[in-house]
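Presented below is the structure to which this report refers.
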Amino acid sequence: MTADTAGATAASENTTATGSATPGGDGSGLYLVDGSGFIFRAFHALPMLTRPDGTPVNAVLGFSNMLLKLLADAKAEAVAVVFDSKRLNFRNEFYPDYKAHRPEPPEELKPQFALIREATEAFCLPCLELEGFEADDLIATYARLAQEAGRPVTIVSSDKDLMQLVRPGVGMFDPMKNKAIGPDEVFEKFGVPPEKVVDVQALAGDSVDNVPGVPGIGVKTAAQLITEYGDLEALLANADKIKQPARRQKLIEFAEQARISRRLVLLDENVPPPKPLDELRVREPDHQRLIDFLRAQGFRSIVSRVEMEMQKDGRIADGAGGGSIPSPGSLPTPAAKSPAPAESPAAEDRPARKTVLHVPEVRYELVQDADTLRRWVERARETGVLAVDTETDSLTPATATLVGVSLSTEPGIACYIPLAHKAEGAAAAGQLDFDAPTPPVQIPTDEAMAILKDVLEDRSVLKVGHNFKFDHQLFARNGIAVSPVDDSMLISYVLEGGSHGHGMDELAELHLAYTPIPFKEVCGTGKNQITFDRVPLDKALAYAAEDADITLRLWTLLKPRLVDDRMVTVYETLDRPLVPVVADMERAGVRIDKTALSDLSRSLSERLVEIEKDVHALAGQSFNIGSPKQLGEILFDTLKLGTGKKGKTGAYSTDSSVLEELAEQGHSIAQRVLDWRQLAKLKSTYTDALQEKISPVTGRVHTAFALAATNTGRLSSTDPNLQNIPVRTEEGKKIRRAFVASPGHKLLSVDYSQIELRLVAEMANIQALKDAFRDGLDIHAATAAQVFGIPLEQMTPDIRRKAKAINFGIIYGISGFGLGRQLGIAPGEANAFIKTYLERFHELKVWMEATKAFARQHGYVVTLFGRRCYMPGIQEKNAARRAFAERQAINAPIQGTAADIMKRAMNRMPGALAAAGSSARMLLQVHDELLFEVPEAEAEDAARIVREVMEGGAHLGVPLVAEAGIGDNWEEAH
DNA sequence: TACGTCACG
DNA sequence: GACGTACGTGACGTAA
């Protein structure tokens, strides 16, 4: 949404042929609002709202907001609103099915048609409609007339059918996406320039409008054909030359249908205009009439806005810096709903939901001066609770710039403090941007931080956040150690982990029956995405203050449930203290030897090229090895190496187990493909991608640990995932060597030995296994001795391997099939192993049955420390799916308890290190391993402390053992 | 966006 | 007798 992508503006300014147009200059520009289209889209996009008398008005509100902003932004431009007149029009004369089967408009929409016409009149804008023609035809006609008169035109609509009208002097603006549509955007949508859009539509058809098109041809194919042949007629004339037989036949058979379709979509530029073009000039609105109308709808905040603006110069002025005033380019999106809860009682738009968020009033305030901020801080001290949310220009908190802070002291009362917002006009939608950018008034960040520091560090004021780890880091970087902290996301995770996600939007839907303003509606998506510092203040206020508001509401609702559900201890001892600990780890980041990675990348590239040559030679043809589809066809259809197994999508499976089997049969191509796969994976996922993740600010890589993502209580790591750095293969180890210590430092890696199997022994109370662990035996060998009845002295590696596989299998909720596959033996044979295992360790069987029964009864399982893991599938009727849930039920308490123990250790770690005077920094957690960076001289001491803390993570009947390694890089330390 | 694949625990 | 299988993650490339 930057000025340079505003195609419509560019188009308007390129009207040199007609000469006179200068947008915003002489006031001759014309905005044609597609009223009919807007009604439907606004109705479906906005939450349902009703007037005090019960009349639904959500589309009317959206429409009024849109007009208001359009008038503010468009300055002296002329604005006309165009409507469809009747449902039947001239198109039905030659194609009766056109727009047939279209359902009646919803009941809640019907009364709004008339209101929207009233709104238009209240705004003193001309209403254009003409019997027998659609709004689109009128728009096309006025666009032509204006263009001929040298007046630049902007069509305000989201309707793709109008895109055919884009040309020099005629642009479009999508009021729902707040986005200018020019030739580039049209090309993006249809794959052809605007003048060929109708040809593409004629082929592709449109199921919504009942435009038939040619069966089997979509937009992509149509664009390709039109580009190749020039236009529809040329294509139809040459249809017999199409290569693809099916396509050729369809084009010949449905040629006439395509011609009819073209007539249906082609807009009529020559309808009789109901009003002369010259009458479409802006008139001074009748303020009182407008205010009366808006007030009658219950649009209180719009009314006050209008009243305020009218006082200025009798017109709706540009409000850059003014906060609640619309600004250039900030055309309405459904963000219009932000003040909406205040304007009218929220009615429920989805019948399925019974609960409704009753918001008698929300007050969101924009804070632009220090005194106002101090008042918020005072208020927080009175209430003792403060919801806090930060807005930044990036999702990497270790390096992001703080753009603003929102606060909420009680439900419905929130503020937003912009700190680093850029001038609104600078990069907002350029289409309607005529003023020089003026930066908004903001409290200097340092001053705001100084004021906030007092309350954020005040031990008597609880700070509530949603995913507060993020905010914690930002404040830490500004010298503020926020404490104490509560996190509504983590509370939800502790209460209901495994049953649903814990993002704020999802929880707001679930618990408050409310849909927060989506981020993408504020910042857009894809290449048009803007950073939050470019968001106009009114939108930023609506979005950010709402986040703080919702956070506080969720906290109010969920926090007491910790007591009710007896989950206080889990939350207080495991997850809540983790917030500052993990925030510090993320902020620390890990050093990467970029040169080593780029050398590896280069070497991998060369080897990949070599292997690719080999594979193509062995295949006898060139193909994309990275495409499982092509590879499968080469292996099993062309080369006929065996029959091949097909998956549920009908594609051959080519995973490593399949390729390994082929390789064993002596097919060298399979081994080469396996080599290629391994190297390609390492290159794309690690050596290439990791280099990109090195922060230019810190020179290090900062992962994000998700604290509420897994079903078992584990953390996960994203962007980049540093919990799956290669370690098993020699090639992989080279990547791990690129994780290095800072100069003068060492990396220290400490990992739990066999923690999950120890926990199986503990929780199932397996005496023989516990004894083996207490005696410090090689646990897999000891297992083998027990299960296969072989003395330890006679143990062979192969028997030990089998026992090891069974031990792992137990943790996964063993099955004969899975174990058999792992060991490459028949499922029957594997079942025999399992049977023996369960006889030797009979306590295990009892525990597994009890655990499954508990899961069935309660719908969740619990870890040793009381964490619940919900398993929605446990009541499944489908046997396979239920079996899956049962295996999860076995695995979750084991994996989850290990995760709990690791969290206990992590929470104690900073204190233990500090108490010992160690300056070791915790960098990463990989489930059973912690990685530290420590000054060389302190490494041995740190290793001892860390081992002690980890081994003391729980005091059980089996010992916990942690093993340490020290090195210059991660591979060496591991 | 869904799928197949594969990196880790 | 048939079904569909080891548990937990995240990222990549391809194909649609």
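Protein chains get the first letters and strands the later ones, always in sequence-line order, with residue 1 at the start of each.
- If you check B:dC6, B:dC8, C:dA6 against the side chain of A:Arg677, the one that comes closest is B:dC6.
- Among the atoms of the strands shown, none is found under 4.0 Å from any heavy atom of A:Ala889.
- Between A:Leu690 atom CG and B:dC8 atom P there is a gap of 14 Å when expressed in whole angstrom units.
- At B:dA7, none of the side-chain N or O atoms of A:Gln723 fall inside 4.0 Å of OP1 or OP2 (strictly under the cut-off).
- Not one N or O on the side chain of A:Arg800 forms a donor-acceptor pair closer than 3.5 Å with the backbone of A:Asp778.
- Closest approach to the A:Asn891 side chain among B:dT5, B:dG9, C:dG8 is made by C:dG8 (side chain taken as heavy atoms from C-beta onward).
- Side-chain contact between A:Leu641 and A:Ile669 is present, with heavy atoms from C-beta onward closer than 4.5 Å.
- For B:dC8, one of the phosphate oxygens OP1 or OP2 lies less than 4.0 angstrom from a side-chain nitrogen or oxygen of A:Arg728.
- The residue A:Glu756 sits apart from the nucleic acid: no heavy atom pair falls under 4.0 Å.
- At a threshold of 4.0 angstrom between heavy atoms, the contacts of A:Ile811 with the nucleic acid are absent.
- Classified by interplanar angle (parallel below 30°, tilted 30° to 60°, perpendicular above 60°), the ring pair A:His616/A:Phe623 is tilted.
- Using atom P as the reference point in both B:dG4 and C:dA6, the two lie 13 Å apart (nearest Å).
- Minimum atom distance to the side chain of A:Ser815 is reached by C:dT5, of the listed C:dT5, B:dG9, C:dC7.
- Under the Watson-Crick or G-U wobble criterion, with both distances below 3.5 Å, C:dA2 has no partner in any strand shown.
- Looking only at atom types and distance, the side chain of A:His502 has no donor-acceptor partner in the side chain of A:Glu496 under 3.5 Å away.
- Taking atom CZ of A:Phe705 as the reference point, atom P of C:dG8 lies 21 Å away to the nearest angstrom.
- Without hydrogens or angle criteria, A:Ser717 side chain to A:Phe705 main chain gives no donor-acceptor distance under 3.5 Å.
- One interatomic measurement links the two molecules: CD1 of A:Ile901 to C1' of B:dG9, which rounds to 15 Å at whole-angstrom precision.
- The separation between A:Asp688 atom CG and B:dA7 atom P is 16 Å, rounded to whole Å.
- The CE-P distance, from A:Met848 to C:dC7, rounds to 14 Å in whole Å.
- In this structure, A:Phe884 reaches the sugar-phosphate backbone alone: every heavy-atom distance under 4.0 Å involves primed, P, OP1 or OP2 atoms, never a base.
- With a 3.5 Å ceiling on both atom-pair distances, the Watson-Crick or G-U wobble partner of B:dT1 is C:dA15.
- Taking the six-membered ring for Trp and thresholds of 30 and 60 degrees, A:Phe854 and A:Tyr860 have ring planes more than 60 degrees apart, a perpendicular arrangement.
- Put simply, CG on A:Leu823 is 20 Å from P on C:dT5, counting in whole angstrom units.
- Residues A:Gln529 and A:Lys520 fail the side-chain proximity criterion, which asks for heavy atoms closer than 4.5 Å.
- Rounded to an integer number of Å, the gap from A:Leu930 CG to B:dC8 P is 19 Å.
- If you measure from atom CE of A:Met871 to atom P of C:dC7, you get 11 Å, rounded to the nearest angstrom.
- With distances taken from any side-chain atom of A:Val926 to the nucleotides B:dG9, B:dT5, B:dA7, the minimum falls on B:dG9.
- Taking atom C1' on both nucleotides, C:dC3 is separated from B:dA7 by 30 Å, rounded to a whole Å.
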Seminar exercise, completed: Given protein heavy atoms under 4.0 Å, the one-letter contact record of nucleotides 9-16 of chain C, with B base, S sugar-phosphate only and - none, is simply SBBSSSSS
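- C:dA2 sits 29 Å from B:dT5 when the C1' atoms are compared, rounded to a whole Å.
- The heavy-atom pair separating A:Tyr837 from A:Leu769 by the smallest distance is OH-CD2, 4.5 Å.
- A:Thr729 places a side-chain N or O within 3.5 Å of a backbone atom of A:Gly732 that can act as its donor or acceptor partner.
- The phosphate of C:dA6 (OP1 or OP2) has a side-chain N or O of A:Arg821 nearer than 4.0 angstrom.
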